[in-house]
Protein chains: 4
Amino acid sequence: MFKPIKSTKVYEQVVEQIKGMIMDGTLKKGDKLPAERDLAEQLQVSRASIREAIRVLEVIGLVESRQGGGNFIRESFENSLFEPLSMVFMLEKSKPQEILELRRIMEIETAALAARKINDKDLEAIREIIEEMKKTDDEIINAALDKEFHYRIAHASGNVLVLNILNAVSILIDEFIKGAREMIVSNEENRHRLAEQHEEIYIALKNHNQKGAIDAMKKHFDFVDKYYY
Amino acid sequence: MFKPIKSTKVYEQVVEQIKGMIMDGTLKKGDKLPAERDLAEQLQVSRASIREAIRVLEVIGLVESRQGGGNFIRESFENSLFEPLSMVFMLEKSKPQEILELRRIMEIETAALAARKINDKDLEAIREIIEEMKKTDDEIINAALDKEFHYRIAHASGNVLVLNILNAVSILIDEFIKGAREMIVSNEENRHRLAEQHEEIYIALKNHNQKGAIDAMKKHFDFVDKYYY
Amino acid sequence: MFKPIKSTKVYEQVVEQIKGMIMDGTLKKGDKLPAERDLAEQLQVSRASIREAIRVLEVIGLVESRQGGGNFIRESFENSLFEPLSMVFMLEKSKPQEILELRRIMEIETAALAARKINDKDLEAIREIIEEMKKTDDEIINAALDKEFHYRIAHASGNVLVLNILNAVSILIDEFIKGAREMIVSNEENRHRLAEQHEEIYIALKNHNQKGAIDAMKKHFDFVDKYYY
Amino acid sequence: MFKPIKSTKVYEQVVEQIKGMIMDGTLKKGDKLPAERDLAEQLQVSRASIREAIRVLEVIGLVESRQGGGNFIRESFENSLFEPLSMVFMLEKSKPQEILELRRIMEIETAALAARKINDKDLEAIREIIEEMKKTDDEIINAALDKEFHYRIAHASGNVLVLNILNAVSILIDEFIKGAREMIVSNEENRHRLAEQHEEIYIALKNHNQKGAIDAMKKHFDFVDKYYY
DNA sequence: GTGGTCTAGACCACG
DNA sequence: GTGGTCTAGACCACG
C-alpha cells in the first residue's frame with residue numbers, strides 16, 4: 001500500500017530536468033540557461049543545489065559556464081570524451097602503447113566505413129591536406145596536417161560516436177605521447193613513405209573500395225606504429 | 001607576447017588535488033575521503049566548494065558518495081565511459097545503427113589483438129561460455145552469455161581503453177536497442193549459426209591466429225548486424 | 001596531506017604576467033604598455049580586470065599611468081619604498097623618534113660599507129657638498145645639502161636596498177619631522193660642529209677606514225639626535 | 001559616516017577617505033568595510049571605482065579581501081614591506097649579497113637599541129629559543145629557531161619600522177637565498193659556534209650592554225656571512 | 001547591471 | 001558523525 005520513498009537528491013533531479021529539456025529540444029545548442037538565481041527560484045531549490053547540478057552538467061559536457069556571462073548549452077560535444085577517456089587511461093595505469101593499439105583498432109575498420117559513406121566534401125578536404133603536406137617540410141605543420149587527415153576520415157565515416165572517440169584518442173596522443181607525430185615527419189624519407197600511404201588511402205576512399213581502404217590503413221599503421229614500439 | 005589568462009576556480013583546484021592524489025597513489029581504490037567538513041578546513045575552502053568538487057569527481061567516476069557514510073574512491077572504473085558516451089549518443093542525435101557500427105569497428109580488430117595476447121584463463125572462460133550456451137535455449141540467459149563472450153575477448157586484448165569503451169558500447173546496446181540480443185537468440189536456427197561462429201572465433205584465438213580471428217569476427221558481425229538494419 | 005587551495009584572481013595573474021615580463025626584460029624601463037583595451041583582448045579578460053591590475057602595478061611602483069598618454073614602466077624605483085614605509089609608520093602609530101632610530105641604525109653601519117666601496121666620483125661629490133655648506137648660512141640650502149650628504153654616502157655603499165630604504169627614511173623625516181633639518185643648521189655653532197663631523201666622515205671614507213667611518217658617523221648622530229629627543 | 005566623493009581620479013579619493021578613517025580611528029583593525037555595493041552607493045561612485053580603490057588598499061597592506069566574506073582592515077602590518085622591498089630587489093637587479101649586507105647593517109645597531117630597551121618577556125623568549133636550539137640537530141627546526149631569535153631581537157628594539165624592515169629582509173632571504181639558513185646549521189661544529197654566539201648576544205642584551213651587543217652581533221655576522229660570500 | 005563564485009552557518013536524514 | 005539541503009550575503013568578473 002505504501003511505497004518506499006526514494007530520496008532522490010535535489011541536484012540530480014535538476015540535472016534530469018535540464019537533461020530532459022535538452023533531449024526533447026526545449027533547450028537547444030547555444031541556448032542560455034536562466035540565471036542561477038532565477039533557476040533556483042523557479043525550481044524552488046537553493047542555489048547551491050543548482051550549482052551542483054550545473055557542475056555535473058558541465059562535466060558531462062552539456063553545459064558551459066562563463067563567469068559573468070551565464071550558463072549555456074554547449075554547441076559542440078566533439079571533445080567531450082577526452083576527459084573521461086583520459087581518466088581511465090591514468091587511473092588504470094594504462095600504457096601509451098594501449099592508446100596506439102586503440103587508434104589502430106578503430107581506424108582500420110573506420111576506413112572501411114568511410115569508404116562506404118564518404119562524400120565529395122570530405123574527399124576534397126582530404127585531397128587538399130595531402131597537397132598541403134607535399135608543400136612543406138616543417139614538422140609542426142606536417143604533424144598538424146597528419147592529424148587533420150585522420151580526423152577527416154573519421155568524419156567521413158558519418159558516425160559521431162566513432163568521431164568522438166577518435167577525437168579523444170587524438171588528444172590523448174598529444175597529451176601522453178608528446179612529440180609522437182612530429183618525430184615521424186621530421187625525417188624526409190618518412191615523409192615520402194607517408195605521402196605514398198596517404199595517397200593509397202585516398203584512392204581507396206575515392207573508389208569506395210572498403211577492402212582497399214582497410215588494407216591501405218593497415219599498411220599505414222604497420223609503418224607508423226613501428227616508431228613507438 | 002601576452003598570454004591569455006585562465007581563471008582557475010576553487011572547485012577545479014580541489015578536483016585537481018584529489019585527482020593527483022589518486023594518480024600518485026596517496027589515495028587508493030576504496031579509500032575514504034575525509035569528511036566534507038574536514039576537507040573544507042584542510043583545504044581552507046567552503047564546504048560548498050568541496051561539494052561541487054565531489055560532484056565532479058562523482059560524475060567523472062572517481063568517487064562514490066554514500067549518504068551518512070562518506071565519500072569513497074571508486075573500486076572500479078570499468079563503466080565510467082558509459083555515461084559520457086551515452087550523452088554523446090543522445091545529444092548528437094545519433095542513430096542506434098551507429099552504436100552497432102562502432103561495435104563492429106572495434107571488435108573486429110580487437111579480435112586480432114586478443115588472438116595475439118590471450119592467455120589460458122581467458123581462453124578457458126570463453127570455452128565455458130560456449131558450453132553454457134549449448135546447454136540452454138533460454139533467450140535471456142543466452143543473451144547474457146553472448147554479452148559475456150564479447151566481454152571476455154575485449155578483456156583478452158589486455159587493453160583497458162578498449163575494454164572500457166566496449167563495456168560502454170555494450171551498455172549502450174542494452175539501453176538503446178532493447179531486446180536486441182534476445183531477439184537473435186530466440187530463434188533456434190540462429191543459435192546454431194551463432195554457436196558455429198563462436199567456435200570459429202574461439203579456435204582462431206586459441207591458435208593465436210590474428211587473421212583468422214578477424215575473419216571469423218567479421219563473418220559473425222555480417223550475420224548479426226543483418227538483424228538490425 | 002591536503003594542501004590549502006589558493007584562489008588566484010584574474011587581476012593577480014595579470015599583475016604576475018606583467019611583473020614577469022619586466023623581470024625577464026621583455027618590458028624595459030620607459031616602455032609603454034599596450035592600450036588597456038588591447039591588453040584586455042590579448043589576455044582575454046575584461047578591461048576592469050586590466051584596470052585593477054594596473055592599479056596594483058602603479059602602487060607597487062612598477063607602472064606609471066599618464067592621463068591620455070598610456071601606461072608606462074617606471075624609469076626609477078628610488079622612492080618606491082616611501083609609500084609603504086610611511087603607511088607602516090602611520091598605521092602602527094609609530095613615533096617620530098623611531099624614524100630617527102631607524103636612520104641612526106642604518107647609517108652607522110652603512111658608513112662602514114661605504115668606506116669599503118666608495119669610488120672617486122662619490123668621494124668628489126661629498127667633497128663638493130662639504131664645500132658648498134661652508135659657503136652659505138642659509139638654513140634651507142644647508143638642510144638640503146646635509147640631506148644630499150647622507151644620500152651620497154648611502155649611494156656609495158653600492159647597495160640599492162640600503163639606498164632605497166634610506167631614501168624613504170629621508171622623505172619620512174621631511175614629512176613627519178618638519179623643520180628638523182633646518183632647526184639644527186640655523187645655529188652657527190652647530191654648523192661649525194657639523195662641518196667638523198662631516199669632514200671626519202669624509203676623511204674616513206677617503207681612507208677606506210671602516211672603523212673610522214663608523215665612529216665618525218656615530219659621533220655625528222650622537223650630536224644630531226640630541227636635538228629631537 | 002561616509003561622505004560623497006566629488007571629482008578627479010575617483011578611486012584615489014576613495015582610497016584617501018578610507019585611509020583617513022583608518023588613521024583617525026573610525027575604522028579599526030579587523031573592522032569589516034561595508035559591502036562594495038553599499039560603499040558604491042554611499043560614496044555615489046561606481047563599483048568599479050570602489051574595486052580599484054580596494055585593490056590599492058590591499059596592495060598597500062591596509063585591507064584584506066576575502067571572497068564571499070567581505071573586505072577587512074588588516075590586523076597586522078608586520079609583513080607589508082616585503083612586497084615593495086622584494087620589488088626593488090628584483091627590478092634593480094640587486095644581488096643576494098646585498099640582502100645580507102642590509103641585514104648585517106641593520107641588525108648590528110639594532111642590537112644596541114634592543115640592549116637598551118629589551119624587557120623581560122623578550123629576554124625570556126630569547127632564552128627559550130636558545131634552549132630549544134640545543135635540544136635538536138634538525139636543520140629545518142634550527143633554521144626556524146634562528147630566524148625567530150633574530151625576530152625577537154628586532155622586536156625588543158621596540159621600533160616597529162625596524163621590525164617591519166627586518167621582517168621583510170627575513171622573508172627576502174627565505175625567497176632569494178633558498179636554504180641559506182639550513183646550510184649553516186646542518187653542520188654540528190657550526191651549531192656549536194652559533195650557540196656560543198647566541199649566548200654572548202643574550203648576555204649582552206640581558207645586561208643592557210649596548211657596546212657588548214654590537215660586538216657580539218658583529219662577531220656573529222662575521223661568522224655567518226662567510227657562508228655566502 | 002547582471003550573473004557567476006564563494007563563504008559561513010544552520011537544519012535534516014541516514015548510518 | 002557525515003552527507004544532503006538550504007539560506008543570506010559578499011566578492012569576482014564580464015559586457
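All chains are named by letter (A, B, ...) in the order of the sequence lines, taking the proteins before the strands, and each is independently numbered beginning at 1.
- You'll find that the side chain of B:S65 is closest to F:dG4, out of F:dC12, F:dC14, F:dG4.
- Closest approach to the A:R37 side chain among F:dC6, E:dT5, E:dT2 is made by E:dT5 (side chain taken as heavy atoms from C-beta onward).
- Atom CD of A:Q44 and atom C1' of F:dC6 are 13 Å apart (whole Å).
- Between the CD1 atom of A:I50 and the C1' atom of E:dG4 there is a distance of 13 Å, given to the nearest Å.
- The side chain of A:A48 lies closest to F:dC6 when the candidates are E:dC6, F:dG4, F:dC6.
- The shortest side-chain heavy-atom distance between B:Q17 and B:L43 falls under the 4.5 Å cut-off.
- Put simply, CG on A:D38 is 9 Å from P on E:dG4, counting in whole angstrom units.
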Mind running salt bridge (Lys or Arg N to Asp or Glu O under 4.0 Å) on B:R74 and A:E92 for me, showing each step along the way?
CA-CA 12 Å; B:R74 269 246 162 69; A:E92 300 278 21; over 6 Å; no

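- Rounded to whole Å, atom P of F:dC6 lies 15 Å from atom CD of B:E36.
- For the pair B:K9 NZ and F:dA13 P, the interatomic distance rounds to 12 Å; values are reported in whole Å.
- The shortest distance between side-chain heavy atoms of B:V45 and B:I50 falls below 4.5 Å.
- Going from atom CD of A:Q42 over to atom P of E:dG3 covers 12 Å, rounded to whole Å.
- Of all heavy-atom pairs spanning B:S7 and B:E12, the tightest one is O-OE1, 4.4 Å.
- No donor-acceptor contact under 3.5 Å links the side chain of D:Q67 to the base of E:dT7.
- Both B:S7 and D:G70 lie close to DNA chain F; mapped to their nearest nucleotides by heavy-atom distance, the more 5′-ward contact belongs to D:G70.
- Atom pair B:L33:CG and F:dG3:P shows a separation of 9 Å (rounding to whole Å applied).
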Let me see the working for C:V56 and D:V56 under side-chain contact (heavy atoms from CB on, under 4.5 Å), right down to the final yes or no.
CA-CA 6 Å; C:V56 170; D:V56 169; over 6 Å; no

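- Side-chain proximity of B:S49 to the nucleotides E:dG4, E:dT7, F:dA13 is greatest for E:dT7.
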Step-by-step salt bridge (Lys or Arg N to Asp or Glu O under 4.0 Å) determination, A:K29 to A:E75:
CA-CA 5 Å; A:K29 289 181 182 181; A:E75 295 280 355; over 6 Å; no

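- F:dA13 atom P lies 20 Å from atom CD of C:E41, rounded to whole Å.
- One donor-acceptor pair, N or O on each side, does fall under 3.5 Å between the base of E:dT2 and the side chain of D:R47.
- Of all nucleotides listed (F:dT2, F:dC14, F:dC6), F:dC14 comes nearest to the side chain of C:S46.
- B:R51 comes within contact range of at least one nucleobase, with a heavy-atom separation under 4.0 Å.
- When distances run from any side-chain atom of B:V45 to the nucleotides F:dG3, F:dA13, E:dT7, the shortest one goes to E:dT7.
- The shortest distance between the side-chain N/O atoms of A:N71 and the OP1/OP2 oxygens of E:dG3 is not below 4.0 Å.
- When Watson-Crick and G-U wobble pairs are counted only if both distances are under 3.5 Å, E:dC11 pairs with F:dG4.
- Note on B:R55: only backbone sugar-phosphate atoms sit closer than 4.0 angstrom, heavy atoms only; bases stay farther off.
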